[in-house]
Trainee: 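Submitted below is the structure of interest, expressed as structure tokens.
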Amino acid sequence: MLMAAALVSLSILTNAQTENPRGIYKMTTLTGKLGEVKAPFEQYKICTDSVTLMVSARAAFFNISDNDHRVFNYTGEQPKSEDDKSTLIYDSNAKQFKMKWWSTYTSHLHFPKNDWCIEKYESDTYTEMSKIFFDALTGKAEVDAANPLTGTWRFIGYVDELRDVKKELPKLHEQYPTSKYFNSFVIFAPNDWTMIAGGTSGGVDKIEYNGKKSYKVGNKTQQVKWLTKDRIAVEEHIDYRTDWMIMERVTDGTTPLSHITSLFISKSR
């Protein structure tokens with residue numbers, strides 16, 4: 001009976017390692033020119049059924065890209081033939097996966113020339129700053145009655161004068177899908193704020209609220225005018241003029257990540 005139980009357990013463990021990776025994973029080790037080393041740079045993979053996104057982090061700045069141009073599904077560890085240099089995904093489940101890819105780099109500290117690299121990824125592994133960023137990316141922030149600024153806001157563009165905002169709003173909405181602000185978000189949390197620009201980059205910083213009419217990031221105080229309960233104008237000083245950033249609260253229950261993945265999916269078609 002003990003032997004049978006052990007075989008069953010081994011079977012379950014083996015099957016679990018052949019799943020398609022789905023979720024957010026951080027690179028923990030890299031095996032390449034210097035052998036297996038701790039991940040020399042901070043890198044994440046967001047694995048979905050439709051697209052795989054890579055997030056590169058440096059300090060409090062994050063770059064989002066469709067670096068892999070493929071969905072990560074389990075392939076097994078071995079290539080189909082000696083000439084097959086396609087990327088391999090294996091030892092994979094919701095907790096981890098390994099990616100084996102063929103490097104042609106001529107001079108790189110970690111990547112060999114004409115040989116395989118192996119990157120190991122693990123889920124639920126973040127730095128303090130990246131945890132803030134990914135929580136903002138995937139969260140559905142609730143409105144805080146004590147501070148209605150908190151939540152997720154879509155940044156749709158600028159107006160020169162607030163008195164013209166009613167006339168300018170239809171134009172902003174019409175132009176938004178083709179503007180540089182498309183899929184740009186501001187996520188206000190109790191102690192941090194996250195800005196995502198065009199679905200490709202983001203940053204995290206500390207925030208201080210001065211009631212609901214202004215907030216302070218670093219040494220810069222931003223004045224806020226409430227147009228409606230779900231629409232605000234934030235004062236922005238550019239050179240010698242004052243413009244107003246128009247932001248609208250995301251109220252449909254979607255996350256910034258859902259919009260960003262849709263952006264990359266549409267680009268790949």
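Heavy atoms only: backbone and side chains are in, while hydrogens, waters and symmetry mates are out.
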Trainee: Just to verify, what does F62 make a ring-ring contact (aromatic ring centres under 6.0 Å, His included) with, not counting sequence neighbours?
Mentor: F133

Trainee: List for me each residue that meets salt bridge (Lys or Arg N to Asp or Glu O under 4.0 Å) alongside D115, sequence neighbours excluded, and say none if there are none.
Mentor: none

Trainee: Looking at K95 and D124, is there a salt bridge between them, counting it only when a charged N and a carboxylate O are closer than 4.0 Å?
Mentor: no

Trainee: Sub-3.5 Å donor-acceptor pair from the side chain of T52 to the main-chain atoms of R70, do we have one?
Mentor: yes

Trainee: When you measure from the side chain of D239 to the backbone of R241, do you find a donor-acceptor pair of N or O atoms at a distance under 3.5 Å?
Mentor: no

Trainee: Could you verify whether a donor N or O on one side chain and an acceptor N or O on the other, from N73 and R22, lie under 3.5 Å apart?
Mentor: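 There is such a pair (donor and acceptor under 3.5 Å, judged by atom type) between the side chains of N73 and R22.
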
Trainee: Between E248 and H173, is any pair of side-chain heavy atoms under 4.5 Å apart?
Mentor: yes

Trainee: Look only at the side chain of T194 and the backbone of V204, and say whether a donor-acceptor pair between them is shorter than 3.5 Å.
Mentor: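 Absent.
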
Trainee: Think K212 forms a cation-pi with W226, using NZ or CZ under 6.0 Å from the six-ring centre and within 45 degrees of its axis?
Mentor: yes

Trainee: Could you check whether any side-chain heavy atom of D68 comes within less than 4.5 Å of a side-chain heavy atom of K45, counting everything from C-beta outward?
Mentor: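 Touching, per the 4.5 Å side-chain cut-off.
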
Trainee: Show me the donor-acceptor pairs within less than 3.5 Å that the side chains of residues 28-38 make with the rest of the protein, sequence neighbours left out.
Mentor:
{"from": "T28", "atom 1": "OG1", "to": "K120", "atom 2": "O", "distance (Å)": "3.3"}
{"from": "K33", "atom 1": "NZ", "to": "H108", "atom 2": "O", "distance (Å)": "2.4"}

Trainee: When you check the side-chain N and O atoms of E236 and Q222, is any donor under 3.5 Å from an acceptor?
Mentor: yes

Trainee: So H259 and R154, do their side chains get closer than 4.5 Å, heavy atoms only?
Mentor: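 The answer is yes; the side chains approach within 4.5 Å.
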
Trainee: Would you check if the side chain of S130 reaches a backbone N or O of Y126 as a donor-acceptor pair within less than 3.5 Å?
Mentor: no

Trainee: Quick one: does any side-chain atom of S266 pair with a main-chain N or O of S262 as donor and acceptor, under 3.5 Å?
Mentor: yes

Trainee: Less than 6.0 angstrom separating the ring centers of F182 and Y176, yes or no?
Mentor: yes

Trainee: Hey, are W244 and E161 close enough side-chain-wise for a donor-acceptor pair under 3.5 Å?
Mentor: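 The answer is no; no qualifying pair exists.
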
Trainee: For the residue pair F97 and Y25, is the inter-centroid distance of their aromatic rings smaller than 6.0 Å?
Mentor: yes

Trainee: Salt-bridge test for D66 and K267: reply yes if a basic N is under 4.0 Å from a carboxylate O, no otherwise.
Mentor: no

Trainee: Do the side chains of F185 and W153 get nearer than 4.5 Å, heavy atoms only?
Mentor: no

Trainee: Counting C-beta onward and ignoring hydrogens, is there a side-chain heavy-atom pair between T48 and F72 closer than 4.5 Å?
Mentor: no

Trainee: For atom NZ of K85, decide whether the heavy atoms of other residues, nucleotides or ligands shown that lie under 6.0 angstrom number more than 12.
Mentor: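 Atom NZ in K85 is crowded, with more than 12 foreign heavy atoms closer than 6.0 Å.
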
Trainee: Can a donor-acceptor pair be found, under 3.5 Å and without considering hydrogens, that links the side chain of D243 to the backbone of Y158?
Mentor: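 Not a single qualifying donor-acceptor pair exists.
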
Trainee: In the single-linkage hydrophobic clustering (I, L, V, M, F, W, Y; side-chain heavy atoms under 4.5 Å), do Y121 and V71 co-cluster?
Mentor: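 In one cluster: no.
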
Trainee: Take the angle between the ring planes of Y105 and F111 and call it parallel below 30°, perpendicular above 60°, tilted in between.
Mentor: tilted

Trainee: So do the side chains of I64 and F264 get within less than 4.5 Å of each other, counting heavy atoms only?
Mentor: yes

